[in-house]
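Notes for the one structure printed next.
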Amino acid sequence: MLFRILSRDRFRTLVETIMETTEVVAPKKVGVRSDGEPIHQFLPVADFDEMDLAHETTEHSAKTYFLPYRENLSTYAFSDDDWQQEVHYRIQPRAMVGLHACDINALLRLDKVFVRDHFPSPYYVSRRRNTLIIGIDHEPCEGGFCRSLGTDTVTRGFDLYLTDLGDRYFVAVGSDHGFDLLNQVGVAEISDRDTADYLEERKRIAGLFTTEVAVQNLPNLLDIEFESEVWKTWGAKCLGCGSCAMVCPTCYCYGTTERVSMDFSSGSKEKHLYACTVVDFAEVAGGHNFRPDRSTRLKYRYYHQHRGFVEAHDEPKCVGCNRCGRACLTGINPLDVIHDLQAEDEA
Amino acid sequence: MKYLGIDSVRPRIAVFELTGCEGCELQLANKEETLAAFLDAVEVVNFREISSSSSDDYDIAFVDGAVSRADEVERLEVIREHAKVLVALGSCACFGGVSRLKNAFDLNEANREVYGDRPQETLPVRAVSEVVAVDLEIPGCPVSKDEVERIVQHLIWDVPYHFPAYPVCLECKQRYTVCTYEVGLLCLGPITRAGCNAPCPAGGLGCWGCRGPAVEANAEEFLTTVHERGFTNDEIAERMSFFGGFEGLLP
Amino acid sequence: MSTFNNAYDVSREAEMKEPLDFNRRSRLKHVDRVFKAEILNIIHLTEMEKLYQIRLLDPAERARFSFLPGQFVMLEVPGYGEIPISISSSPAKNGYLELCIRRAGVVTGALHRAQRGAKVGVRGPFGSHFPMEEMKNHNLLLVAGGLGLAPLRAPIFEVIDHRPDYGDVNILYGTREPAQLLFDYQYEEWGRIDDIDLRIIVEKPDPGWTGPTGMITELIGDLEIDPRRTFAIVCGPPVMFKSVCRHLVEIGVSMRRIFVSLERRMHCGMGKCCRCNVGSTFTCMDGPVFDYWAVMNLKEAI
Amino acid sequence: MRVDIDVRHLARIEGHGNIVVRIADGDLKEARWDVVETPRFFEVMLKGKHFSAAGILAARICGICSISHCLTAVRATERAFGVTVPDAAARLRLLAKHGETIQSHVLHFFFLAAPDFLGLSSAIPLVEADPEVLQRALRLKGLANRLCDAVAGRTTHPVAFQPGGVSMVPEKRVLSAIRNELEDGLDDLHATARLLATFEIPDFERETEFVALRGEREYPFIGGRLVSSDGVERAENEYLEMTNEAVVAGNTSKWSSLSRESYAVGPLARCNLNFELLHPEARQIAANLGLAPLCHNPFMAHVARLVECVHCAHEAIRLVDEIVSSGDEPAMVAVAPVAGEGVGAVEAPRGILFHHYRYGGDGRIESANCVVPTAQNNGNIHRDLPDFVRQMVESGVNDDQRLELLCSMLVRSYDPCLSCSVH
Ligand SMILES: Cc1cc2nc3c(=O)[nH]c(=O)nc-3n(C[C@H](O)[C@H](O)[C@H](O)COP(=O)(O)OP(=O)(O)OC[C@H]3O[C@@H](n4cnc5c(N)ncnc54)[C@H](O)[C@@H]3O)c2cc1C
Ligand code: SF4
Ligand code: SF4
Ligand code: SF4
């Protein structure tokens, strides 16, 4: 990996230059919690100062810019008792600034499903390849357990990755595209002092990540504790509202529906992200529901995160950002659920 | 139009209003981009609010508003007789709507308060389905025209339409709205049926439950969690009674 | 300065320009493009089921289209929806498919109203298949309950097309009532083929019924099965295939030689939408055909 | 000559009302306008409600002018608590108000009124007969609805207005896009004026007292002094002295009166009393179409509505410009309930609207009163009818059908909103 030093001013120039031609999405302050803490979201910004890179975390992940909540998969033009299909992929470039390590790691996991697995998705591929990613190092967020999942650091999946050294950024260059951009605004080579400062900063940050949860034994544990009371207890709390899956950076399940225009001249097949905790997730024609109760549905969310995905892709789907835990109104969160399972196992 | 080898028919539709604000009927004239196509896909034969011609020969009757007077019961029975499909349009028709709040008061006293010594005829408010059989219910205060369109399409062409089973939260999250609980405000989103695209949380109001309960709404846990956040049963019950859709689930 | 010198257009990728082929699972392709097909004939089977003979319209696509018994397609009725349907015809007939469809909801309802000549879309084939190669030189026991006969027709045709490669074939078929029996016009033919034995049972006979009555398990009891030489395929509702499979295991048939076809909700057929996901298993990719051992490990499967 | 007109549930108006006219032996025996809409008892339902619910509930009085009802309720509440909303909020509220006015007036003009002048039973045949007129109607209505959507959170039953200000601030780029649409909308409004010029407006006058808010520097919409064309002037809080509601037999709507037996509110009243405050372009259109204060022909309300649309479109453009160039000032202030009373007066599309609440110290409503524009107009419509019938008969109209149509047109010219008037 190449490293460079970028002054704060040059960074501003960099972002502003990108903005001239390209939509920039970055963490933006959207409100204040009752306890006074700011709330951030990844949103399009029109101005450098609208970004807030000091954000602790964003309420939603950056997922929707790669897997939109609603996306048109194909359109149909009807005429003369016949139809023609059309398929389009998004080719509008976009830049995302201010992604944390977990966010980028989440994209790497989605890549496994949508780029590298069987049947790569051209919709995803085109969004991913048309998105410039500038990540940034940060202190841990409350309740985040990314360290346990090895997602508190990242070495690929971005174009540039910044570490704030106070007066300047230490930049990891992840792609030729990022490299070109840096050269356009002017960067410095790294000095020994830069490296020392960087390592010092990394050490400081790494020391701050303390929330731990053991996940290695989960694939097995989930099978053993399949009938566990833990699921009933937590399942009873589930509102089936899907908030967890909406904010999760890696939840990708969906449904499709078709629509026709009011004159039946055109139709579209639309994909909409769904949630496995929603009541009719596994319902089929005739009304049979493979997962009729809340606890089974909740269980399968964990099952997919920590067992299914591990079997298919050698690592959990979860990146430990705890967004689902924060979004859940009734307090269902991975740390407690997993702890309870492990406690059950030991008992 | 012909598709799949089948000619489609243009159903005759009628729109009637009972006790309500007519906001739902107004929605029928909204969504201007597709209104012309909408009016072309159906034959409007009875819609007093916008047309002075009328006919009793119709396939689909949309009824908005609640039932609150004897003459409305009679009209409704006639409509039921004529209509092949009777659609209750809006929260008033589906649950009684805000008018149902009236039922908490003594009607004679209410009458005296508003009309003095010239009381007007009035009955306790009922939903349409409490008076005649209803084939389809489209909740919402007001209804969303998009949903009305989809249901009309469903009735004409049998294209799919399912009311979302999930609660408002899912759509609210998709809008990136800051959850009202984060700023300490009550919201019925977790137990209310989605389909409205969550405008009220986005407007800072929180959801007031106009679409009635979501499928298998977890009211029990919802109550626990809002109690923990400091809301009282009275407050919650007041909110849940607002549009009349949560009868039977109140704390 | 422009941030992106060239916006990336995925459809210009070389792979995307190759002819569409769903058999190659790991290539980038237009996964939502359908093969356009025409309904050639509609055959009324029962009140609830019709058989659709369809043909891909494009001759080149037709020539390329191939599948293995047990696989399914995503059948698209534009404007109405897309549903998974097992292929119920002989793999030898390229680009001509038979789909047996029960009226169950919106999409199947539209199909039941559709007229001959209507155009539909097909994506696929998807999913796993019955191991016809492995089954060669063995006896086959094919057990179907209700609509389960639809996915069984592909292996039956495959066997008939390659009759000498297989040993004795027993087909057991059961429905609730005689009026629900599918493909009655084919029993005569199947029954007359050498060493294919077809037995049919119904739960509730009507006055004209002369055959046996009862559950399908009762037919199995009468059969002589050599557990070491037999492969079984069991298709039907879960209650039925569970009891049949259990019986077969009891008499010594290896769990790895008993195959079932599972159904789940599906929206993509490609292991993406997760609606058919059971823990680590995608019914659309790892299934719908599973051996009984795999089913036992699915926990939730049945 | 004998005439029997019995219109039960008059079409193309909001709500249920009946017209009865009887002429026997050339004598007018009876000419009535009766409102039979079902009463909902909103004043009772509002009792005990928390102040945060007042606007939400009040909006449901009327689906067409829900923004006005909500804003009036919120204003009454704020005045009871002594709250002043920030400028940013006031601007947004007014902007939404303009959206509603345009939406309501356009709906009335094209869908409820125009068919009479075009010899149609409804606007639906325009789909084929005159698609350009229909498209224009839809463009204008769509534009107004998008404005309401953006500012009020949705077109009907707003979600953004709460005591203390505005809880949802629209994005500036959304407003800028709507600004462009408003510019185009003005062209459509001018085309509509040309269409209106071709309509045959019945020639009828009856001397009438008009009541409206009186603007000081701006054409009035939210709050202000109450004035009448007969010279009465009152403060907002003294609305009862203007409205004098009374229950009348055979009507679920109450009637109002001031210096005479009845008075009129609405676009014509507003124009009559605030003409010089209209945007110059709006005044120009008024002049072109023959509207000048004091106009006593109720049919000229059609012109007044169009004039107001032009005014509101210009005002909306000006407001958007102001909002877009302003900073991100807060649009909400904290509200602490205190025991007290408050009156809110707002010019709804159909005329002046009052809500009056008495609050207990717990922030809950103890008593409520709502005086609604159409309720104020109903008496006046009723009193117009006999004079109108007489004048029409004198001018040679003598068949039932024509007379029935003319009477219906008279009622429609007020754009009555009956469910609102009965509430
Ligand atoms: C691998 C596989 C093979 C199948 N083969 C056949 C067959 O050969 N013949 C046949 O008649 N049926 C078959 N089915 C079942 C068939 O897919 C459903 O009956 C059909 O989806 C119902 O669709 P609908 O729109 O008519 O019903 P609706 O209830 O209106 O369904 C709406 C949507 O729900 C989903 N859905 C509902 N039920 C199912 C289901 N059982 N499986 C998957 N998705 C569902 C679909 O996305 C559908 O579009 C098969 C299912 C699977 C999984
Ligand atoms: S499951 Fe929860 S903690 Fe894990 S990645 Fe998703 S949102 Fe984050
Ligand atoms: S604001 Fe309401 S609807 Fe939205 S997420 Fe929160 S609880 Fe759910
Ligand atoms: S958010 Fe709630 S109150 Fe608002 S429209 Fe939706 S269901 Fe109705």
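A, B, ... follow the sequence lines: proteins, then strands. Residue 1 opens every chain.
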Practice prompt. Could you walk me through whether Val98(B) and Ile56(D) pass the side-chain contact (heavy atoms from CB on, under 4.5 Å) test, one step at a time?
Written response: CA-CA 10 Å; Val98(B) 288; Ile56(D) 302 170; over 6 Å; no
Worksheet entry | For the student: nearest non-hydrogen atoms of Leu18(B) and Glu37(D), plus distance | O-OE2, 4.3 Å
Discussion item. I need the residue from Gly23(B), Ser99(B), Pro142(B), Ala36(B) with the largest number of non-hydrogen atom pairs under 4.5 Å to chain D.
Written reply: Pro142(B)
Worksheet item: Just by modelled atom types, is the Thr19(B) backbone N or O under 3.5 Å from a matching donor or acceptor in the Arg40(D) side chain?
Response: no
Fill in: side-chain contact (heavy atoms from CB on, under 4.5 Å) evaluation trace for Arg60(D) with Leu101(B)
CA-CA 12 Å; Arg60(D) 269 74 189 176; Leu101(B) 291 171; over 6 Å; no
Fill in: Proximity breakdown for Gln162(D) and chain B, heavy-atom pairs closer than 4.5 Å
side chain
Worksheet, complete the sentence: Heavy-atom nearest pair, Leu205(B) first then Val159(D), reads CG-O, 3.4 Å
Worksheet item: Between the side chain of Ser53(B) and the main-chain N/O of Ser121(D), is any donor-acceptor distance below 3.5 Å?
Response: no
Worksheet, complete the sentence: Bottom line for Cys141(B): the part with an atom under 4.5 Å from chain D's heavy atoms is both
Response to the item:
If one checks every heavy atom of Phe161(D) against chain B at 4.5 Å, the contacting part turns out to be neither
Worksheet entry | Contact winner vs chain B - Leu138(D), Val36(D), Val166(D), Asn251(D), heavy-atom pairs under 4.5 Å | Leu138(D)
Worksheet item: Contact part of Phe38(B) toward chain D, heavy-atom cut-off under 4.5 Å: side chain, backbone, both or neither?
Response: neither
Practice prompt. Please determine if Glu33(B) and Arg139(D) form a salt bridge, counting it only when a charged side-chain N lies under 4.0 Å from a carboxylate O.
Written response: no
Worksheet item: So with a 6.0 Å cut-off around CD of Gln401(D), is the heavy-atom count from everything else above 12?
Response: no
Item to complete: With a 4.5 angstrom heavy-atom cut-off, could you sort out which part of Leu112(D) is near chain B: side chain, backbone, both or neither?
Response: side chain
Worksheet entry | Interatomic distance, Cys21(B) atom SG to Ile61(D) atom CD1 [nearest 0.5 angstrom] | 10.0 Å
Fill in: Contact origin within Phe47(B) toward chain D - heavy atom pairs under 4.5 Å
neither
Worksheet entry | Validation row: Glu17(B), His16(D) side chains within 4.5 angstrom (heavy atoms) | yes
Practice prompt. Quick one: closest heavy-atom pair of Glu32(B) and Lys141(D), and the distance?
Written response: OE2-NZ, 3.0 Å
Response to the item:
All heavy atoms of Leu107(D) vs all of Ala29(B), minimum pair found to be CD1-CB, 4.4 Å
Worksheet entry | Other residues, nucleotides, ligands: >12 heavy atoms within 6.0 Å of Arg8(D) CZ | no
Fill in: Contacting moiety of His9(D), where chain B heavy atoms sit under 4.5 Å
both
Practice prompt. Check the side chains of Lys31(B) and Asn145(D) for a donor-acceptor pair under 3.5 angstrom, ignoring hydrogens and angles.
Written response: no
Fill in: Residue part contacting chain B, namely of Thr155(D), when any heavy atom lies under 4.5 Å
side chain
Fill in: Heavy-atom contact with chain D under 4.5 Å, split by part of Glu25(B)
neither
Item to complete: Please say whether more than 12 non-hydrogen atoms of neighbouring residues, nucleotides or ligands are located less than 6.0 Å from CD in Glu130(B).
Response: yes
Discussion item. Heavy-atom cut-off 4.5 Å, strictly under: side chain, backbone, both or neither for Pro39(D) against chain B?
Written reply: both
Fill in: Exercise: do His50(D) and Glu238(B) side chains pair donor with acceptor under 3.5 Å
no
Discussion item. So which atom in Ser167(D) and which in Gly204(B) form the shortest heavy-atom distance, rounded to 0.1 Å?
Written reply: OG-CA, 4.2 Å
Discussion item. For Val169(D), which atoms come within 4.5 Å of any heavy atom of chain B: side chain, backbone, both, or neither?
Written reply: neither
Worksheet item: Between atom CE of Met45(D) and atom CZ of Phe242(B), what is the distance when rounded to the nearest 0.5 Å?
Response: 9.0 Å
Discussion item. Which one wins on heavy-atom pair count under 4.5 Å against chain B: Thr252(D), Ile13(D), Val127(D)?
Written reply: Thr252(D)
Practice prompt. Classify the side-chain pair Arg12(D)/Ser52(B) by whether it contains a donor and acceptor separated by less than 3.5 Å.
Written response: yes
Discussion item. Using only atom types and a distance under 3.5 Å, with no angle test, would you say the side chain of Glu22(B) pairs donor to acceptor with the backbone of Gly15(D)?
Written reply: yes
Practice prompt. Would you indicate whether the side-chain heavy atoms of Thr38(D) and Gln120(B) approach each other to under 4.5 Å?
Written response: no
Response to the item:
Given Leu107(B), Leu26(B), Asp40(B), Asp71(B), the one with more heavy-atom pairs under 4.5 angstrom with chain D than any other is Leu26(B)
Worksheet item: About how many Å separate CZ of Phe110(D) and CD1 of Ile50(B), when rounded to the nearest 0.5 Å?
Response: 14.5 Å
Item to complete: Give, as side chain, backbone, both or neither, the part of Gln27(B) having an atom under 4.5 angstrom from any heavy atom of chain D.
Response: side chain
Item to complete: Starting from the C-alpha separation in whole Å, work towards a yes-or-no answer on side-chain contact (heavy atoms from CB on, under 4.5 Å) for Asn111(B) and Phe41(D).
Response: CA-CA 8 Å; Asn111(B) 235 316; Phe41(D) 300 93; 3.8 Å; yes
Discussion item. For Phe105(B) versus Lys47(D), what's the shortest heavy-atom pair and its separation?
Written reply: CZ-O, 3.9 Å
Worksheet item: With a 4.5 angstrom heavy-atom cut-off, which part of Ala53(D) approaches chain B: side chain, backbone, both or neither?
Response: both
Fill in: Top of Arg146(D), Gln135(D), Met168(D), Glu43(D) for chain B proximity - count of heavy-atom pairs under 4.5 angstrom
Met168(D)
Worksheet item: Given side chains that start at C-beta, do those of Glu49(B) and Ile64(D) come closer than 4.5 Å, heavy atoms only?
Response: yes
